[in-house]
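Being a predicted model, the structure only gives us computed values, none of them experimental. Chain letters run A, B, ... following the sequence lines, proteins first, then strands; residues in each count from 1.
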Amino acid sequence: METTVRGLTPVLSGQRLALVEPRRADLRKAIPLDLRQRMQGATVTSLGRRAKYGMIDTDRGDTMIFHLGMSGRWRVDPGELLAHDHLVIETDAGRRLALNDPRRFGFLDLVRTDAVAEYPPFAAMGPEPLGPELTARYLALALAGRAAPIKAMLLDQRIVAGLGNIYVCEALHMARIAPSRAAGRISEYRLERLVTAIRAVLESAIAAGGSTLRDFAAPDGELGYFSKQFLVYGREGEACACGGPVKRRTEAGRSTFWCPKCQRT
DNA sequence: ATGGCGTCCTGAAAGC
DNA sequence: TGCTTTCAGGACGCCA
């Protein structure tokens with residue numbers, strides 16, 4: 001989402017939206033009925049991100065919030081519209097965007113900009129992983145007494161906001177912590193290592209332009225290259241850098257990749 | 001309150 | 001080749 005927002009910014013920032021056209025209303029959540037009326041003709045003042053949500057602010061005091069789910073992407077200046085282009089935007093400068101999301105796990109919403117902090121999904125959200133609030137001390141307090149595996153806790157947006165399955169697998173590997181380790185039983189020393197790993201993984205991913213596998217694309221249509229840097233994700237059966245075998249386990253429909261040799265505990 | 005699982009939806013890839 | 005099965009980056013609701 002960070003690379004998506006960075007890619008959208010030069011296209012949208014400061015631009016008046018000549019056309020805002022919903023083409024399908026039933027995403028995971030229904031598109032607001034007044035989306036077109038409130039967004040069309042408005043000028044974009046800024047773009048932002050909170051966790052995996054993108055935000056487009058307008059001079060009318062509205063913020064359009066979008067989530068890409070698992071298969072969403074913005075197509076920039078598409079030649080022609082395709083199936084699953086659920087929203088089309090055109091700017092006065094003649095640029096065109098299409099929000100494409102085959103699985104419709106993503107959604108669009110519209111809130112008043114001064115009420116974004118109270119937007120329900122944001123209200124209970126934990127700190128941004130790249131912000132100053134994520135520290136080993138914070139994690140130690142947030143995870144105290146928790147018996148759930150550290151991997152599940154890191155995917156819980158109330159603990160840390162914005163981590164997904166890939167980044168959690170990669171960060172735990174870099175920190176040499178077993179995904180199944182009870183979250184409340186990790187020393188602050190190792191949590192320090194985990195915080196460092198989370199930041200390093202995210203910063204590398206952002207620098208590489210995101211982790212596109214197959215159905216995410218950067219806004220300019222190029223694929224992200226971070227996927228080539230995965231050390232464990234998607235590498236079941238390959239050798240870890242330590243020589244150990246990369247394993248895979250499925251829990252609740254989610255795959256965990258890890259190296260039992262260097263992630264012992 | 002906590003932890004674990006199934007579900008929403010479509011398409012790509014793997015398996016037979 | 002062609003049909004069937006498996007799997008996917010997220011988040012939420014339900015259950016024990």
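- Side-chain N/O atoms of A:Q157 include one lying less than 4.0 angstrom from OP1 or OP2 on C:dA11.
- Applying the salt bridge (Lys or Arg N to Asp or Glu O under 4.0 Å) test to A:R23 and every residue at least two apart in sequence or in another chain returns nothing.
- Within 4.0 Å (heavy atoms only), A:R248 reaches sugar-phosphate atoms of the nucleic acid but no base atom.
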| task | Could you provide the dot-bracket string of DNA chain C, using ( ) for intrastrand pairs, [ ] for crossing pairs and | for bases paired to another strand, with Watson-Crick or G-U pairs below 3.5 Å? | result | .|||||||.|||||||
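- Residues satisfying the ring pair (Phe, Tyr, Trp, His ring centres under 6.0 Å) criterion with A:H67, sequence neighbours excluded, are A:Y53, A:F107.
- The phosphate of C:dG9 (OP1 or OP2) has a side-chain N or O of A:R254 nearer than 4.0 angstrom.
- The CG atom of A:N100 sits 10 Å away from the P atom of B:dG11 (whole-angstrom rounding).
- For residues 107-123 of chain A, the set of pairs meeting the salt bridge (Lys or Arg N to Asp or Glu O under 4.0 Å) definition, not counting sequence neighbours, comprises A:K29-A:D109, A:D62-A:R112.
- The nearest whole Å value for the distance from the NE2 atom in A:H67 to the P atom in C:dC12 is 8 Å.
- A distance of about 16 Å separates the P atoms of B:dA14 and C:dG9, rounded to the whole Å.
- Under the side chain to side chain donor-acceptor pair (under 3.5 Å) criterion, no residue pair touches residues 169-187 of chain A, with sequence neighbours excluded.
- Remark: P of B:dG4 and NZ of A:K151 are 12 Å apart, rounded to the nearest angstrom.
- In this structure, A:L82 places its CG atom 16 Å from P of B:dT10, rounding to the nearest Å.
- Look at CD on A:E236: it is 16 Å from P on C:dT6, rounded to the nearest Å.
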Under-3.5 Å N/O pairs linking protein and nucleotides 13-16 of chain C:
none

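- Judged as a ring pair (Phe, Tyr, Trp, His ring centres under 6.0 Å), the pairs with a partner in residues 244-265 of chain A (not counting sequence neighbours) are, in order, A:Y233-A:F257.
- Taking 4.5 Å as the limit, every side-chain heavy atom of A:N165 sits out of range of all side-chain heavy atoms of A:V168.
- Phosphate proximity of C:dA11 to A:K52: present, with a side-chain N or O under 4.0 Å from OP1 or OP2.
- Applying the side chain to side chain donor-acceptor pair (under 3.5 Å) test to residues at least two apart or on different chains, the pairs with a partner in residues 135-144 of chain A are A:R137-A:E188.
- Among residues two or more places apart in sequence or in another chain, the salt bridge (Lys or Arg N to Asp or Glu O under 4.0 Å) test is passed with A:R96 by A:E90.
- The shortest distance between the side-chain N/O atoms of A:Y233 and the OP1/OP2 oxygens of C:dG9 is below 4.0 Å.
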Between the protein and nucleotides 5-9 of chain B, which nitrogen or oxygen pairs come in under 3.5 angstrom?
| unit_1 | atom_1 | unit_2 | atom_2 | d |
| --- | --- | --- | --- | --- |
| B:dC9 | O3' | A:R104 | NH2 | 2.8 |
| B:dC9 | O2 | A:R103 | NE | 2.8 |

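- A gap of 14 Å separates the P atoms of C:dT6 and B:dG6, to the nearest Å.
- For A:D156, the salt bridge (Lys or Arg N to Asp or Glu O under 4.0 Å) criterion is met by A:R158, not counting sequence neighbours.
- Applying the salt bridge (Lys or Arg N to Asp or Glu O under 4.0 Å) rule to A:R60 yields no partners; only residues at least two apart in sequence or on another chain are considered.
- Of the side-chain N and O atoms in A:S255, one or more sit less than 4.0 angstrom from OP1 or OP2 of C:dA8.
- Separating the CE atom of A:M70 from the C1' atom of B:dG11 is a distance of 12 Å, rounded to the nearest angstrom.
- Atoms CG (A:L108) and C1' (C:dG10) sit 16 Å apart, rounded to a whole Å.
- Residue A:A147 is in sugar-phosphate contact alone, with no base atom involved, counting any heavy-atom pair closer than 4.0 Å across all strands shown.
- When all heavy atoms are compared, the tightest approach of A:L108 to A:L99 is CD2-CD2, 3.8 Å.
- Summary of the strand contacts: A:A83 and A:A152 both lie near DNA chain B, and taking for each the nucleotide with the nearest heavy atom, the more 5' one is attributed to A:A152.
- If you run side chain to side chain contact (heavy atoms under 4.5 Å, CB included) between A:I198 and each of A:L202, A:V201, A:T196, only A:L202 comes through.
- The minimum heavy-atom distance linking A:A171 with A:L194 is given by the pair O-CD1, 4.2 Å.
- One atom, NE2 of A:H84, and another, P of B:dA12, lie 9 Å apart when rounded to the nearest Å.
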